[in-house]
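We count ligands from 1, going down the list as the structure has it; atoms in each ligand are counted the same way. Just so it is clear, the model here is predicted, and its values are computed rather than measured.
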Amino acid sequence: MSKICVIGSSSMDLVVTSKKRPKAGETVLGDSFQTVPGGKGANQAVAAARLGAEVYMVGCVGDDHYGKAILDNLKANGVLTDYVEPVTGTESGTAHIVLADGDNSIIVVKGANDHVTPDYVKRALPAVQQADIVLIQQEIPEDTVDYVSGLCKSFSTPLLLNPAPARPLSPETIENAAYMTPNEHEASILFQGLSREEALKRFPGKLFITEGKNGVRYHNGTEERLIPSFPVEPVDTTGAGDTFNAGFAVALSEGKDIEAALRFANRAASLSVLQFGAQGGMPKRAEVERALS
Ligand code: RIB
């Protein structure tokens, strides 16, 4: 069983479905409201656990009822939560999601996720040290991402950096990451001044640009490759990127080559969008294998 350590956010998603997305200054009537577990870190941890990895989550929740629900949900999905702590006097992270016109828009309020500092990660070193691969995203403090990239380099542990939400990164952090998985928008912020082709060519086997229903693009050192995704009719695309990242990490940590790992991740992501909620459709390992065969 491969060992994965996820360092990142765990939040509650407050999801409104609506026929119309309101413009600035406009009020519209929505259709439904639901509260479901989310946060890019927790989503990736749950997806990796369902795909068969042993997963440690390193994160923080608030000392509120959302915090308890987030923790219970991680445990129910088999994620190891020894390094997920409630922060006294702080609210849990929340994501305010509007599902309209077949797509989502999200405002994240970090809350307790801002307490996932470099010092906090130092307390979770055993989880980082024992991992075959570490997964990190950017809903936690920026200096934590930089710190973890250096830590992984010093342990020679591959780091999969999912740079979402996007921000410019230092050349050192980019250098330290083994794999990076921005979507097209995030890649344009990360590699300002470079075309997509130039960026991919500069980071062969390291940079993987996800293109939603098109698939994922990378450069193999000789040529640019597009690994297509699997066509489906999505119900809710929230969490598809997280499932992709988890699937990619699980497959790589099991020794699959890059294209086999990308196909596995694409298949997992395509199944994840068939149900409501970031984690609602995240598949179990057997479902992905059945779909691939
Ligand atoms: O990647 C999807 C996630 O982003 C949602 O679950 C929400 O929590 C936001 O952080």
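In terms of polar-atom proximity, Asn43 is counted as a contact of ligand 1, with an N or O under 3.5 Å from an N or O of the ligand. Taking any N or O of Ser11, backbone or side chain, none lies under 3.5 Å from an N or O belonging to ligand 1. Residue Ile97 has no N or O atom closer than 3.5 Å to an N or O atom of ligand 1.
At a 4.0 Å cut-off, at least one heavy atom of Gly39 sits close enough to ligand 1 to count as contact.
What sits closest to atom 2 (C) of ligand 1 on the protein, heavy atoms only, is Asp242 OD2, 3.3 Å. For atom 9 (C) of ligand 1, the closest heavy atom belonging to the protein is Glu139 OE2, 3.5 Å. Nearest protein heavy-atom contact of atom 8 (O) of ligand 1 is Asp13 OD1, 2.6 Å. Protein heavy atom in closest approach to atom 4 (O) of ligand 1: Lys40 NZ, 3.2 Å.
Between the side chains of Thr117 and Thr144, not a single donor N or O lies within less than 3.5 Å of an accepting N or O. Residues Asn183 and Glu211 bring no donor and acceptor atom of their side chains to less than 3.5 Å of each other.
For Phe203 and Phe191, the ring centers sit closer than 6.0 Å to each other.
Within a 6.0 Å sphere centred on CZ of Arg167, heavy atoms belonging to other residues, nucleotides or ligands number more than 12. In the displayed structure, Glu172 atom CD is contacted under 6.0 Å by at most 12 heavy atoms of other residues, nucleotides or ligands. Within a 6.0 Å sphere centred on NZ of Lys284, heavy atoms belonging to other residues, nucleotides or ligands number 12 at most.
Because its NZ or CZ atom is both nearer than 6.0 Å to the ring centre of Phe264 and within 45° of the ring axis, Lys256 counts as a cation-pi partner of that residue.
Residue Ala278 approaches ligand 1 through these ligand atoms, each under 4.0 Å from one of its heavy atoms: 6 (O).
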